[in-house]
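Input: a single structure, listed below in structure tokens.
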Amino acid sequence: MTAPATPASSPATAGERPGVRMARSRRNAELSLLLLAMALVAAYGAMVEAKVLDTVTPGFWVPAATLTAVFLGMHLVIRFLAPFADPALLPAVALLNGLGVGFLRRLDLAKAAPEERADLAIFAGIGGRQLAWTLISVVLAAGLLALMRDHRSISRYAYTLGLAGIVLVMLPAVLPASISEINGAKLWVRIGSFSIQPGEFAKLALLVFFAYYLVRKREVLSLASHRFLGIDFPRGRDLGPVLVVWAISLLVLVFEKDLGTSLLYFGMFVATVYIATERVSWLLIGLVLFFGGAYLAYVLGDAVGGPFANFYLRAQIWLDPFAQPYDEGYQLVQGLLALGSGGLFGAGPGGGQPLLLPEVQNDFIFAGIGEEIGLFGLSALLVIYLLIVERGLRAALAVRDSFGKLLAGGLAFTLALQVFVIVGGISKLIPLTGQTTPFLSAGGSSLMANWLLIAVLLRVSDAGRRPVDGAGGKVTRPSGPPEQLHGAPTEVIKP
């Protein structure tokens with residue numbers, strides 16, 4: 001009995017592996033999600049104009065169309081340079097970025113004279129600058145994807161990036177307050193009208209170094225010397241790296257006067273150690289060290305003052321912002337009132353009073369948006385952030401080398417921690433910090449750094465989702481063999 005012939009159009013004879021075809025089809029899903037996100041941004045712009053201007057101008061779609069063109073360019077770059085990357089990352093980030101530009105333009109409309117609002121140029125005001133920064137940031141992200149064809153290649157420069165990260169972290173602390181201090185926190189470098197926040201780029205450089213270092217030291221850091229309450233604790237002599245980073249984070253807390261930045265640096269290191277060792281004890285040690293150091297700084301601020309005074313004042317405002325609601329506690333009180341007045345559904349896009357919030361375009365943009373979209377809208381934004389973090393962690397699980405796992409996991413956690421720090425400060429969960437809300441707040445430093453973070457996640461995701469040959473389990477990669485790279489050795493998984 002003769003077996004039936006295989007049809008010429010079957011996958012077995014089509015000249016293309018099923019896994020490759022399935023992976024490539026995800027770019028179409030990315031395109032569909034991206035167009036849906038931009039449609040939501042355009043709808044948001046129309047609702048803002050309808051509320052602020054009492055009409056929808058014929059050009060309401062121009063900012064959204066400009067953003068669509070920029071993000072479609074990024075989509076094409078991903079399609080050609082990272083065809084197997086996660087399809088949800090770009091649309092989610094584009095939606096947040098687009099809503100941020102839309103809300104900043106809404107602030108420009110509110111600030112403009114009534115007779116000038118309808119003719120406000122697309123690149124005018126804060127919203128226009130953010131639109132320009134978006135273009136620059138996306139170009140930088142695309143350039144990083146083009147230069148970094150294999151994420152392990154950046155491990156060659158781990159020590160250089162680590163040194164650069166420390167310099168960037170400490171630079172604002174050693175500069176005069178007239179150049180580096182804004183609203184009590186020394187996080188900036190200002191020269192004339194130009195300003196940059198070095199710490200935004202430092203976190204990326206330090207994460208590369210942390211991932212490279214911990215890949216080589218994870219076996220030592222995983223060793224246990226004592227067991228207490230069912231938890232294995234490390235040896236005392238292995239605490240050196242954690243104590244060094246803890247000391248640096250306290251220096252940031254004291255001399256840069258910002259709890260959020262200090263927590264961000266120390267938290268991302270402890271989280272990376274946990275990912276590398278899978279020891280819960282490192283999380284407990286990190287929490288005890290950080291909160292113990294913060295409490296010590298608070299006590300010294302009360303007793304001694306000096307460099308500890310600013311942190312003590314911020315803690316006092318956090319404990320009782322309504323004690324001086326028109327003085328030190330004014331910003332936090334206004335933020336809480338904005339969130340409260342928004343209720344469940346909000347006043348609608350363009351219906352709130354965001355100009356009453358100090359620094360609404362930066363630190364308090366989450367509260368300003370929350371007044372207009374309510375608790376449900378803010379919950380939706382947090383879900384989008386959660387989706388980006390989840391996709392980053394999924395990329396860390398899927399990639400086959402240890403360096404990539406630590407790098408992607410650390411980047412995803414850093415983004416989550418930054419959102420927690422700013423939302424926690426606005427909602428009075430923790431003392432108020434000077435962190436920006438990723439992709440929403442105005443400012444080029446934060447936007448460029450976070451788009452670079454997304455580019456690295458896209459590259460790691462592309463490596464993790466790249467199909468494996470069925471014969472020998474060899475991973476198809478665009479660059480040379482792993483032994484020529486100084487990153488972690490590739491752990492090839494048989495299908």
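We're numbering straight along the sequence, starting at 1. All values below were derived from every heavy atom in this structure, side-chain atoms included, with hydrogens, water molecules and symmetry-related copies excluded.
- Within a 6.0 Å sphere centred on OH of Tyr298, heavy atoms belonging to other residues, nucleotides or ligands number more than 12.
- The shortest heavy-atom contact between Pro321 and Leu336 is CG-CD1, 4.5 Å.
- Looking only at side-chain heavy atoms (C-beta outward), Phe201 and Ser445 come within less than 4.5 Å of each other.
- No side-chain heavy atom of Arg391 sits less than 4.5 Å from a side-chain heavy atom of Leu457.
- In this model, a donor atom of one side chain and an acceptor atom of the other lie less than 3.5 Å apart for Thr436 and Ser446.
- For the atom pair CG (Leu36) and CG (Leu31), the distance works out to 11.5 Å, reported to the nearest 0.5 Å.
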Val93 vs Ile388, test: side chain to side chain contact (heavy atoms under 4.5 Å, CB included). Steps then yes/no.
CA-CA 8 Å; Val93 173; Ile388 298 172; 3.7 Å; yes
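- Closest approach of Gln130 to Ala442, counting heavy atoms only: OE1-CA, 3.4 Å.
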Applying side-chain hydrogen bond (donor to acceptor under 3.5 Å, both in side chains), run through Asn97 and Thr134 and close with a yes or a no.
CA-CA 8 Å; Asn97 199 161; Thr134 299; 3.2 Å; yes
Please report the C-alpha distance between Met268 and Leu206 in whole Å, then the side-chain angles of each, then the deciding distance to 0.1 Å, and finally whether the side chain to side chain contact (heavy atoms under 4.5 Å, CB included) criterion is met.
CA-CA 9 Å; Met268 70 183 187; Leu206 289 174; 3.8 Å; yes
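- With rounding to the nearest 0.5 angstrom, the CZ atom of Phe376 is 5.0 Å from the CG atom of Leu344.
- When Thr68, Leu72, Leu95 are each tested for a side chain to side chain contact (heavy atoms under 4.5 Å, CB included) with Leu34, only one passes: Leu72.
- Under the 3.5 Å distance criterion, the side-chain polar atoms of Trp318 are matched with a main-chain donor or acceptor of Lys428.
- With hydrogens and angles left out, the side-chain atoms of His151 and Asp401 include a donor and acceptor closer than 3.5 Å.
- In this structure the side chain of Leu429 reaches within 4.5 angstrom of the side chain of Phe420, judged on heavy atoms.
- Counting only heavy atoms from C-beta outward, the side chains of Val70 and Leu131 never approach each other to under 4.5 Å.
- Atom-to-atom distance recorded for Leu90:CG and Leu33:CG is 9.5 Å, nearest 0.5 angstrom.
- Between Tyr274 and Arg279, the closest side-chain pair of non-hydrogen atoms is not below 4.5 Å.
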Using the rule given for side chain to side chain contact (heavy atoms under 4.5 Å, CB included), can you reason through Leu283 versus Val273, listing the C-alpha separation, both sets of side-chain angles and the distance that settles it, and then say yes or no?
CA-CA 9 Å; Leu283 295 180; Val273 173; over 6 Å; no
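- For the residue pair Glu390 / Tyr385, no side-chain donor-acceptor distance below 3.5 Å is found, with atom types taken as modelled.
- Going from atom CD1 of Ile422 over to atom CG of Leu264 covers 11.5 Å, rounded to the nearest 0.5 Å.
- A distance-only check finds a donor-acceptor pair linking the side chain of Asp108 to the backbone of Gly127 [under 3.5 Å].
- The two atoms that bring Leu356 and Pro358 nearest to each other are O-CD, 3.5 Å, heavy atoms only.
- No side-chain heavy atom of Lys405 sits under 4.5 Å from any side-chain heavy atom of Ile275.
- For NZ of Lys51, the number of neighbouring non-hydrogen atoms (other residues, nucleotides, ligands) closer than 6.0 Å is 12 at most.
- In this structure, Gly368 and Phe103 approach most closely via the heavy-atom pair C-CZ, 3.7 Å.
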What do the steps show when you test Arg314 against Glu328 for salt bridge (charged side-chain N to carboxylate O under 4.0 Å, His left out), and what is the final call?
CA-CA 9 Å; Arg314 284 178 178 261; Glu328 284 89 354; over 6 Å; no
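- Ring geometry for Trp451 against Phe439 counts as perpendicular: the plane angle is over 60°, on a 0 to 90° scale with 30° as the lower cut.
- No donor-acceptor distance shorter than 3.5 angstrom exists from the side chain of Arg26 to the backbone of Pro87, with no hydrogens or angles considered.
- Summarising the geometry, atom CD belonging to Glu200 is positioned 11.0 Å from atom CG belonging to Leu452; distances are rounded to the nearest 0.5 Å.
- Using modelled atom types, one side-chain atom of Glu371 and one backbone atom of Gln353 make a donor-acceptor pair closer than 3.5 Å.
- Between the NZ atom in Lys203 and the OH atom in Tyr265 there is a gap of 8.0 Å [rounded to 0.5 Å].
- Between Arg459 and Asp462, at least one side-chain nitrogen of the basic residue sits less than 4.0 Å from a carboxylate oxygen of the acidic one, meeting the salt-bridge criterion.
- The two residues Glu372 and Gly351 have their closest heavy-atom pair at OE2-N, 3.7 Å.
- Closest non-hydrogen pair, Gly352 versus Ala347, comes out as N-CB, 4.1 Å.
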Tell me, with the steps shown, if Leu204 and Leu411 meet side chain to side chain contact (heavy atoms under 4.5 Å, CB included).
CA-CA 8 Å; Leu204 301 179; Leu411 290 172; 3.8 Å; yes
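- By the 4.5 Å heavy-atom criterion applied to side chains, Leu104 and Ile365 are counted as neighbours.
- Taking the centre and axis of the six-membered ring of Tyr212, the NZ or CZ atom of Arg216 falls inside the cone set by 45° and 6.0 Å.
- Between Ser180 and Arg190, every side-chain heavy-atom pair lies at or beyond the 4.5 Å cut-off.
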